[in-house]
Peer 1: 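Got a structure here, written out as structure tokens. Questions coming.
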Protein chains: 2
Amino acid sequence: MPYRPTAKTQARRTERRSALLKTALAIVTCEGFQALTINRLAKEAGIATGTIYKYFESKAQLCSEVFRLATEKEVEKVRAASFPEQPAHCRKRLANAVTTFAERAILGGRLAYALIAEPVNPMVEQERLTYRRAYADIFEQLIEEAVTKKQFPPQTAHVSAAALVGILSEALVAPLARGIPITDHNNLVKAIKQFCLRAVAG
Amino acid sequence: MPYRPTAKTQARRTERRSALLKTALAIVTCEGFQALTINRLAKEAGIATGTIYKYFESKAQLCSEVFRLATEKEVEKVRAASFPEQPAHCRKRLANAVTTFAERAILGGRLAYALIAEPVNPMVEQERLTYRRAYADIFEQLIEEAVTKKQFPPQTAHVSAAALVGILSEALVAPLARGIPITDHNNLVKAIKQFCLRAVAG
DNA sequence: TAAAGAAATGAATCAGGATTCATACTTTCA
DNA sequence: TGAAAGTATGAATCCTGATTCATTTCTTTA
């Protein structure tokens with residue numbers, strides 16, 4: 001009974017899968033989810049259309065994974081800024097978290113737009129929800145801690161957290177969506193930071 | 001040379017067009033843009049598929065008009081709250097504007113979600129951009145006035161305005177998008193209002 | 001090397017809607 | 001009333017991509 005998958009083939013399989021994800025992410029980074037089709041991905045990866053389906057259940061699943069791949073690192077950075085090793089005043093931590101998000105989004109450019117605002121099909125939208133939720137959870141935890149410590153004024157933490165996500169999305173991406181390039185990064189980030197601090201930390 | 005359209009037929013035409021819009025809006029209100037198809041609209045309106053195209057260039061145009069129809073009144077209400085007949089302190093005006101938006105969105109329910117957050121095709125997304133922009137413009141004008149009058153602290157008005165739009169969208173619609181019905185209207189609106197006032201009016 | 005299971009191939013198929021168009025019906029007015 | 005022009009019909013067509021699957025190509029092991 002010859003041939004069963006071996007470590008070597010398994011490895012190749014795994015590798016190819018992540019190569020596919022990387023290629024897909026590259027497409028999304030340059031041209032958004034709208035440009036990510038199975039045919040295009042296959043062509044760019046140099047394999048046949050049908051082969052994609054050996055690696056991914058469906059396009060929906062592929063998109064979700066691409067979204068997560070693009071997102072995980074970002075969320076981690078914001079979490080790290082919000083809950084640093086070194087103890088710090090909550091106000092400072094919030095400022096860092098917001099700045100981290102904003103600066104990375106601006107550097108990300110087209111990708112940030114794809115993740116935050118590009119019109120996408122429902123399955124990707126679902127993933128986006130999860131992503132926003134991840135940020136909101138971080139902010140909520142931070143705000144609750146700060147309110148308990150009397151560092152922030154009393155407020156409804158989950159509303160404030162959602163609001164912060166909204167602020168960041170809209171203030172950063174509205175210009176991108178309108179095709180206005182962000183020219184003055186520093187001032188924009190500063191304005192957003194100040195707004196968030198006033199809103200949450202009083 | 002018999003028959004040219006007459007006032008009567010013109011009137012019927014106009015009437016039927018707006019009836020179509022109303023029917024389309026009803027569909028969107030109940031089930032979102034995703035449910036608005038030409039076939040369905042035709043069936044509900046009791047006319048043939050092709051006839052729709054006698055009244056609307058394309059589905060894109062139809063959607064845009066539906067969006068506008070749903071939106072115009074809302075924007076007007078917020079504008080009226082922001083710039084009332086009776087002079088009022090800017091803080092109060094902002095509070096009213098925000099409350100107006102929030103309460104109407106909550107009452108709107110499914111429609112609010114469709115207008116603010118439902119995944120839609122690019123043409124509707126374009127209209128949505130215009131809609132957000134309309135709110136942002138109102139807020140921006142109000143904030144600028146308030147800053148000039150020293151009623152609000154100095155800030156970058158257009159960033160604050162975009163941020164307000166973001167807050168309202170996310171704080172109101174994030175729960176809806178997750179399918180969580182909003183149970184405690186009053187507290188939610190209050191929390192949002194307080195957040196906005198802290199953020200903008202200090 | 002041969003047999004057998006795994007993987008890859010890519011043209012064909014499917015799906016969901018928008019859009020078209022040849023045909024039939026209405027309205028106007030001489 | 002009948003010819004001319006406008007309007008409505010809805011089945012057929014088109015479009016865009018995702019998804020399938022019969023066939024071919026690899027890999028492995030006896």
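Order of the sequence lines fixes the chain letters, A, B, ..., with proteins taken first and strands second; residue numbering starts at 1 for each chain. The model shown is predicted, which means the values in this text are computed figures rather than measured ones.
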Peer 1: For residues Ala199(B) and Ala199(A), report the shortest heavy-atom separation together with the two atoms involved.
Peer 2: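 Smallest heavy-atom distance, with atoms named: CB-CB, 3.3 Å.
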Peer 1: State, without any angle test, whether Gln155(A) and Ser160(A) hold a side-chain donor-acceptor pair at a distance under 3.5 Å.
Peer 2: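 The answer is yes; a qualifying pair exists.
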Peer 1: Using a cut-off of 4.0 Å on non-hydrogen atoms, how would the nucleic acid contact of Tyr55(B) be classed: base, sugar-phosphate, or nothing?
Peer 2: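 Sugar-phosphate only.
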Peer 1: How long is the line joining CZ of Arg40(B) and C1' of dG16(C), in whole Å?
Peer 2: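 After rounding, the gap between these two atoms is 15 Å.
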Peer 1: In whole angstroms, how far is the C1' atom of dA8(D) from the CG atom of Leu20(B)?
Peer 2: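 Those two atoms, CG and C1', are 12 Å apart.
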Peer 1: Roughly, in whole Å, what's the span from CZ in Arg4(A) to C1' in dA3(C)?
Peer 2: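 That distance rounds to 15 Å.
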Peer 1: With Glu145(B), which residues qualify under salt bridge (Lys or Arg N to Asp or Glu O under 4.0 Å), at least two apart?
Peer 2: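 Result, salt bridge (Lys or Arg N to Asp or Glu O under 4.0 Å) vs Glu145(B): Arg93(B), Lys149(B).
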Peer 1: Rounded to the Å, how far apart are Arg13(B) CZ and dT27(C) P?
Peer 2: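 The distance from CZ of Arg13(B) to P of dT27(C) comes to 15 Å, rounded to the nearest Å.
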Peer 1: In whole angstroms, how far is the P atom of dT19(C) from the CG atom of Asn121(B)?
Peer 2: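 It is 10 Å, rounded to the nearest whole Å.
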Peer 1: I'd like to know if the side chain of Glu118(B) reaches the main chain of Phe33(B), judged simply by a donor and an acceptor atom lying under 3.5 Å from each other, with no hydrogens or angles considered.
Peer 2: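 Confirmed, Glu118(B) side chain pairs with Phe33(B) backbone.
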Peer 1: Mind checking ring-ring contact (aromatic ring centres under 6.0 Å, His included) for Tyr131(B) and listing every partner two or more places apart, or none if nothing turns up?
Peer 2: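 With neighbours one apart ignored, the set is Phe67(B), Tyr135(B).
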Peer 1: Specify the separation, in whole Å, of atom CG of Leu62(B) and atom P of dA18(C).
Peer 2: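 In whole Å, dA18(C) P and Leu62(B) CG are 10 Å from each other.
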Peer 1: How many whole angstroms separate atom CD1 of Ile52(A) from atom C1' of dA7(C)?
Peer 2: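 Spelled out: CD1 on Ile52(A) to C1' on dA7(C) is 13 Å.
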Peer 1: For each nucleotide in nucleotides 10-27 of chain D, reading 5' to 3', give B when a protein heavy atom comes within less than 4.0 Å of its base, S when such contact involves only the sugar-phosphate, and - otherwise.
Peer 2: B-------SBB------B
Peer 1: Does the Lys NZ or Arg CZ of Arg16(B) fall within the cation-pi geometry relative to Tyr55(B) - under 6.0 Å from the ring centre and within 45° of the axis?
Peer 2: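 Here Arg16(B) fails the 6.0 Å and 45° test against Tyr55(B).
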Peer 1: Any side-chain N or O of Arg16(B) under 4.0 Å from OP1/OP2 of dA8(D)?
Peer 2: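 Answer yes for this pair, as a side-chain N or O of Arg16(B) is under 4.0 Å from OP1 or OP2.
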Peer 1: Just the rounded figure in Å: distance from P of dA18(C) to CG of Leu41(B).
Peer 2: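 One finds 10 Å between P of dA18(C) and CG of Leu41(B), rounded.
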